[in-house]
Amino acid sequence: MITKLPNVTTSIFAVMSKMAAEYNALNLSQGFPNFKSDPLLIELVNKAMKDGFNQYAPMPGDLGLREVISEKTNLLHKKVYHPDTEITVTAGATQAIFTAIAAIINKGDEAIIFTPAYDCYAPSIELFGGKTIPIQLKAPFYQVNWQEVEHKITPNTKLIIINSPHNPSGSIFSEEDMLQLQELVVKNNLLVISDEVYEHIIFDNLTHFSAARFPELSYRSFIIASFGKTFHNTGWKMGYCLASENLMNEFKKVHQFNVFSVNSPMQKALAEYLKTPENYLNLPHFYQAKRDVFLELIKNSRFKIIPSKGTYFQMLDFSEISQESDIQFTERLTKENKIAMIPTSVFNTHKEDFKQIRVCFAKTDETLKEAATILNAI
Ligand code: PMP
Ligand code: GLN
């Protein structure tokens with residue numbers, strides 16, 4: 001048998017986007033904006049290319065970019081990550097997550113994840129001989145019971161992966177959640193991957209409690225970020241990882257061989273663009289307005305709305321509309337109603353189906369109106 005991942009099939013994002021294209025359906029499945037990123041940022045990339053930044057960047061990333069990432073983290077969370085030793089620029093969050101897992105997971109190690117979970121965690125853990133220990137979170141609030149987490153910890157537990165704001169549910173961790181997590185990881189000598197790709201997409205004046213804010217936690221965490229989410233250019237595949245020096249040393253040992261460094265002109269451009277904090281500080285307001293436009297438009301539909309406090313996703317419960325599985329339901333809607341969304345059972349370990357689908361509202365108001373017209377008729 002040559003496969004190392006016998007149970008892995010093609011990612012739902014690839015499947016649904018392909019189906020949306022095939023059936024000419026409105027694509028609210030895979031998470032990406034259908035509006036443009038700031039022309040200034042595009043201009044800065046063009047300038048960097050014309051100025052000759054077209055050869056390899058330093059292995060951990062452009063120093064200017066690492067410096068502004070450090071300043072941004074200090075501004076937001078009052079924590080200094082040293083640009084030389086504690087920051088690495090990555091090819092998106094996916095590569096950062098994979099690299100962190102590759103750096104620390106040995107055969108037999110257990111890693112706790114919370115389901116529904118983003119789809120790259122479990123296969124990456126298993127690829128390195130680790131065992132995924134899932135903890136199922138439930139609608140409508142998707143809150144963690146930290147006692148349950150404590151019960152799942154064994155002498156083999158090495159890692160906990162968290163993701164706040166949470167894809168797909170839109171739930172967030174409170175300060176109390178982070179303190180509970182910190183207590184557990186210190187007590188049990190664990191490591192954390194904190195997937196914070198939606199750090200700037202948080203609503204209702206809530207605060208994003210980054211792992212960076214909690215000293216003992218940040219010491220044991222790889223914090224993962226994605227510029228694609230923040231600056232509306234998911235196709236650039238740019239992100240970064242923050243970690244204390246001893247963890248970052250291990251991260252870089254792998255990073256240098258799975259990518260070495262990521263593309264130079266984008267790094268130069270982002271270094272310049274990040275000098276203006278308004279470029280990311282306005283994001284909660286921007287996306288909250290989109291969420292609210294969308295929810296207002298579908299308020300009379302037959303879908304039950306599950307509150308989204310962050311991310312650019314909205315979960316909808318269709319249990320009063322159909323008894324089909326969420327996969328059948330989304331396939332039928334793509335083919336017949338011409339709207340593509342994500343069935344969320346695929347994010348659960350045993351594909352538990354709670355009749356909930358995920359909609360991406362990172363779309364123009366025009367697209368949201370079109371989507372609402374279709375959804376209101378279902
Ligand atoms: N983590 C989560 C929770 C995500 O939703 C995504 C993608 N949207 C990623 C990681 C991967 O981000 P990137 O596109 O930067 O690789
Ligand atoms: N993160 C995006 C989502 O949740 C998809 C990224 C991808 O296609 N791999 O939809």
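What's counted below: heavy atoms across the whole structure, side chains too, no hydrogens, waters or symmetry copies. Just follow the structure's listing: the first ligand is 1, and inside any ligand the first atom is 1. What you are looking at is a predicted structure, and each value in this text was computed from that prediction instead of being measured.
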Problem set entry | With N34 via side chain to side chain donor-acceptor pair (under 3.5 Å) - residues at least two apart | T367
Please say whether more than 12 non-hydrogen atoms of neighbouring residues, nucleotides or ligands are located less than 6.0 Å from [atom1] in [X].
X    : atom1 : result
K338 : NZ    : yes
D51  : CG    : yes
K36  : NZ    : no

Exercise. Is there a donor-acceptor pair under 3.5 Å between the side chain of S210 and the backbone N or O of A212?
Worked result: yes
Problem set entry | Check: D177 main-chain N/O paired with S174 side-chain donor or acceptor under 3.5 Å | yes
Exercise. Can you check whether H232 and F286 have ring centres sitting under 6.0 Å from each other?
Worked result: yes
Polar pairs, ligand 2 vs protein, N/O only, below 3.5 Å.
unit_1	atom_1	unit_2	atom_2	d
ligand 2	1 (N)	Y118	OH	3.1
ligand 2	4 (O)	N167	ND2	2.8
ligand 2	4 (O)	R358	NH1	2.9
ligand 2	8 (O)	Q30	NE2	2.7
ligand 2	9 (N)	Y118	OH	3.4
ligand 2	10 (O)	G31	N	2.6
ligand 2	10 (O)	R358	NH2	2.7

Seminar exercise, completed: Contacts satisfying salt bridge (charged side-chain N to carboxylate O under 4.0 Å, His left out) that involve residues 7-30 (not counting sequence neighbours) are K18-E22
Exercise. Under 4.0 Å between a Lys/Arg side-chain N and an Asp/Glu carboxylate O for E126 and K131?
Worked result: no
Report all N/O contacts between ligand 1 and the protein shorter than 3.5 Å as a table of atom names and distances to 0.1 Å; if there are none, say 'none'.
unit_1	atom_1	unit_2	atom_2	d
ligand 1	1 (N)	D195	OD1	3.4
ligand 1	1 (N)	D195	OD2	2.6
ligand 1	5 (O)	N167	ND2	2.8
ligand 1	5 (O)	Y198	OH	2.6
ligand 1	8 (N)	Y198	OH	3.2
ligand 1	8 (N)	K229	NZ	2.0
ligand 1	14 (O)	K237	NZ	3.2
ligand 1	15 (O)	A93	N	2.8
ligand 1	15 (O)	S226	OG	2.7
ligand 1	16 (O)	A93	N	3.1
ligand 1	16 (O)	T94	N	2.9
ligand 1	16 (O)	T94	OG1	2.5
ligand 1	16 (O)	K237	NZ	2.7

